[in-house]
Number of protein chains: 2
Amino acid sequence: MNSTSSNPAADPAASGSPSFRPLYQQIKALITKSLQAGEWKPGEMMPSEVELAGRFKVSQGTVRKAIDELAAENLVVRRQGKGTFVASHAEERAHFRFLRLRPDEGLPHHPENRFLEVKRIRAPAEVARLLDLKAGDAVVYIKRVQSFEGKPTILEELWLPGQLFKGLSAERLVEYKGPMYGLFETEFGTRMIRATEKIRAVAADAATADYLKVPEGTPLLCGERVSFTYGDKAVELRRGMYLTEQHHYQNELS
Amino acid sequence: MNSTSSNPAADPAASGSPSFRPLYQQIKALITKSLQAGEWKPGEMMPSEVELAGRFKVSQGTVRKAIDELAAENLVVRRQGKGTFVASHAEERAHFRFLRLRPDEGLPHHPENRFLEVKRIRAPAEVARLLDLKAGDAVVYIKRVQSFEGKPTILEELWLPGQLFKGLSAERLVEYKGPMYGLFETEFGTRMIRATEKIRAVAADAATADYLKVPEGTPLLCGERVSFTYGDKAVELRRGMYLTEQHHYQNELS
DNA sequence: TAGTGGTCTAGACCACTAT
DNA sequence: TAGTGGTCTAGACCACTAA
């Protein structure tokens with residue numbers, strides 16, 4: 001396949017792209033668009049490489065390279081002999097991808113959740129800025145405490161665009177088993193695919209100390225996370241206070 | 001190339017591997033061995049794909065896939081039209097790979113260094129355990145304070161295997177411009193390729209508070225890093241106390 | 001046995017860099 | 001112009017899964 005081919009996607013003039021763009025990148029973009037549109041739902045198998053190659057009129061190798069990158073970005077999961085599947089936060093293996101807080105020894109446990117508040121409010125300026133909304137736009141506000149083995153360890157506040165999370169209620173959150181991100185993608189069609197996190201050390205204020213049952217002034221990890229869905233659209237702001245007396249934040253540098 | 005080929009690396013019996021192992025993985029291992037042996041030094045260009053394909057008696061595509069993975073692991077850097085180069089910590093672009101502490105606004109600056117101690121000691125049990133040494137083995141101990149714009153921000157302690165870092169002195173550290181990892185790879189032939197980090201929040205003790213010129217009890221980020229070289233061999237333990245009043249630890253989740 | 005992803009090859013051509 | 005990495009193809013065969 002080259003630029004003299006009849007394949008429209010490979011023709012820069014037809015694609016409207018002024019500069020050279022590899023075919024497999026264009027295929028990747030098309031597949032991503034289908035993922036975003038929900039053509040194949042999380043957990044489902046997507047069409048085989050051969051089938052996609054036929055649909056896009058390119059070789060299987062080109063589809064392969066496109067899917068390789070999607071797999072590297074955790075958007076899809078390849079399973080030899082079975083097929084390629086849309087990644088899902090509902091799967092066990094995905095649970096710890098965004099959960100970096102680990103007990104000092106042993107394997108991570110699933111925390112017990114206690115929801116303190118779930119309500120719709122108008123976005124404060126700072127929240128609106130980070131979520132790319134207008135100040136005053138509706139957002140869902142969630143406040144919860146997570147405990148490990150009965151010990152309160154995480155105090156977390158979340159802000160979600162109200163537009164995308166209509167009908168999200170405390171009942172629904174409590175009743176859903178598994179990670180919140182699973183609920184978000186299953187019930188609200190919003191899948192988190194990456195996030196940025198800023199971490200600092202702070203002293204517990206009176207209210208936080210009370211929730212975590214520690215003395216005021218106790219040093220806590222403070223993490224601010226902004227999560228993004230397809231198209232680098234910010235869809236979650238999360239501020240967490242982490243008690244790190246028996247836990248630590250684990251990170252791999254490479 | 002298939003299992004009936006005359007290529008010894010592709011023959012499981014000849015390679016001594018009982019189970020199936022892709023050819024490109026074997027090639028990757030061979031190239032890694034050459035990197036480890038210093039056949040090509042950091043910053044140097046390594047042989048072209050065609051040349052390596054000839055040497056290993058495989059197709060260029062197979063070498064390509066091997067190098068693709070090495071590039072993904074930051075062991076080498078590809079430059080179109082030029083060649084493939086051995087990655088180096090001495091290069092500007094690598095400076096911030098392991099440096100996650102950022103100023104709250106603006107781009108990261110290079111800190112000013114003040115070395116408080118550089119000496120050879122016997123490894124305490126805990127250090128020996130993490131570096132896979134025997135308690136009492138010689139280690140180089142380094143203690144330093146890093147300041148940004150004159151403000152002390154990081155108090156760091158390092159332990160390095162004495163065996164690998166003979167002749168490392170305060171003078172050499174002070175005189176070397178650029179990141180320590182650059183010095184380590186240039187002068188001591190030890191290249192850090194990945195690390196694990198555990199982070200928690202702690203209160204500054206009297207000594208630390210003094211170094212960082214903050215009140216005792218100030219919340220600090222405490223990071224413990226173990227760095228590894230080729231073959232997943234631990235070669236550095238680093239414990240840092242970070243003042244996060246004007247800085248934060250930045251992380252990308254994906 | 002059929003279908004899927006995974007590996008490997010050989011060859012053509014493109015984009016980029018240096019000379 | 002020559003050499004490098006980057007893209008794309010077509011086809012063969014392997015490993016794994018499920019019916």
Side-chain angles (χ1 to χ4, degrees), chain A residues 1-12 15 17-29 31 40 44-72 76-87, chain B residues 1-13 15 17-31 40 44-72 76-87:
Chain A
M1 179 75 52
N2 56 37
S3 60
T4 64
S5 157
S6 62
N7 175 32
D11 185 345
S15 72
S17 172
S19 70
F20 172 74
R21 182 135 178 259
L23 233 196
Y24 76 89
Q25 290 279 8
Q26 303 174 38
I27 302 302
K28 181 185 169 191
I31 296 175
W40 320 296
E44 283 180 14
M45 178 180 165
M46 43 185 266
S48 74
E49 296 177 353
V50 174
E51 195 173 335
L52 289 172
R55 183 205 290 200
F56 298 127
K57 300 286 200 316
V58 298
S59 76
Q60 183 184 353
T62 300
V63 170
R64 231 187 133 58
K65 180 136 189 181
I67 294 180
D68 275 348
E69 294 205 347
L70 293 173
V76 302
V77 177
R78 320 188 78 140
R79 295 195 194 124
Q80 187 177 67
K82 292 189 183 174
T84 302
F85 298 77
V86 183
Chain B
M1 179 77 49
N2 57 37
S3 60
T4 65
S5 157
S6 62
N7 174 32
D11 185 344
S15 72
S17 172
S19 70
F20 172 74
R21 183 136 178 257
L23 233 197
Y24 76 90
Q25 291 279 9
Q26 303 174 38
I27 302 302
K28 181 186 169 191
L30 290 174
I31 296 174
W40 320 295
E44 284 180 13
M45 179 180 164
M46 42 185 266
S48 74
E49 295 177 353
V50 174
E51 194 173 335
L52 288 171
R55 180 205 291 200
F56 298 128
K57 301 285 201 322
V58 299
S59 77
Q60 182 183 354
T62 300
V63 170
R64 232 187 131 57
K65 180 136 189 182
I67 294 180
D68 276 347
E69 294 205 348
L70 293 173
V76 302
V77 177
R78 322 188 75 140
R79 294 196 196 123
Q80 187 177 66
K82 293 189 183 174
T84 303
F85 298 76
V86 182

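Computed from a prediction, not measured in an experiment: that's the story for all the values here. So that the names make sense, note that chain A is the first sequence line, chain B the second, and so on, each numbered from 1.
Of the candidate nucleotides C:dC8, C:dT17, C:dT4, C:dT4 has the atom nearest to the side chain of A:Ser48. Of all nucleotides listed (C:dT4, D:dT9, C:dT9), C:dT4 comes nearest to the side chain of A:Met45.
Atoms CD (B:Glu49) and C1' (C:dA10) sit 15 Å apart, rounded to a whole Å. Spacing between atom CZ of A:Arg79 and atom P of D:dC16 amounts to 16 Å, rounded to whole angstrom units. One can place CD of B:Gln60 at 16 Å from C1' of C:dT7, the figure rounded to the nearest angstrom. Going from atom CZ of A:Phe20 over to atom P of C:dC13 covers 15 Å, rounded to whole Å. Rounded to whole Å, atom P of C:dA15 lies 18 Å from atom CZ of B:Arg78. As rounded to whole Å, 15 Å separates atom C1' of C:dA2 from atom CD of A:Glu51. Across the protein-nucleic acid pair, A:Tyr24 atom OH and D:dT9 atom P stand 13 Å apart, rounded to whole Å. Rounded to an integer number of Å, the gap from A:Arg64 CZ to C:dT7 C1' is 8 Å.
Here the shortest heavy-atom pairing between B:Arg21 and B:Ala29 reads NH2-CB, 3.9 Å. Across all their heavy atoms, A:Lys82 and A:Phe85 have their closest contact at CB-CE1, 4.0 Å. Of all the heavy atoms in A:Ala66 and A:Tyr24, the pair that sits closest is CB-O, 3.5 Å. The two residues A:Met46 and A:Val76 have their closest heavy-atom pair at SD-CG1, 3.9 Å.
Here the CZ atom belonging to A:Arg55 is positioned 6.0 Å from the CG atom belonging to A:Leu52, to the nearest 0.5 angstrom.
Under 4.0 angstrom from either OP1 or OP2 of D:dG3 there lies no side-chain N or O belonging to B:Lys82. Distances shorter than 4.0 Å separate none of the side-chain N or O atoms of A:Thr62 from OP1 or OP2 on D:dC8. Side-chain nitrogen and oxygen atoms of A:Lys65 include none within less than 4.0 Å of the OP1 or OP2 phosphate oxygen of D:dC8.
In this structure C:dG5 sits in a base pair with D:dC14, meeting the Watson-Crick or G-U test at under 3.5 Å.
Using a 4.0 Å heavy-atom cutoff across all strands shown, A:Gln80 reaches at least one base atom of the nucleic acid.
Along DNA chain D, the nucleotide closest to B:Val50 and the one closest to A:Gly81 are compared, and the more 5′ of them pairs with B:Val50.
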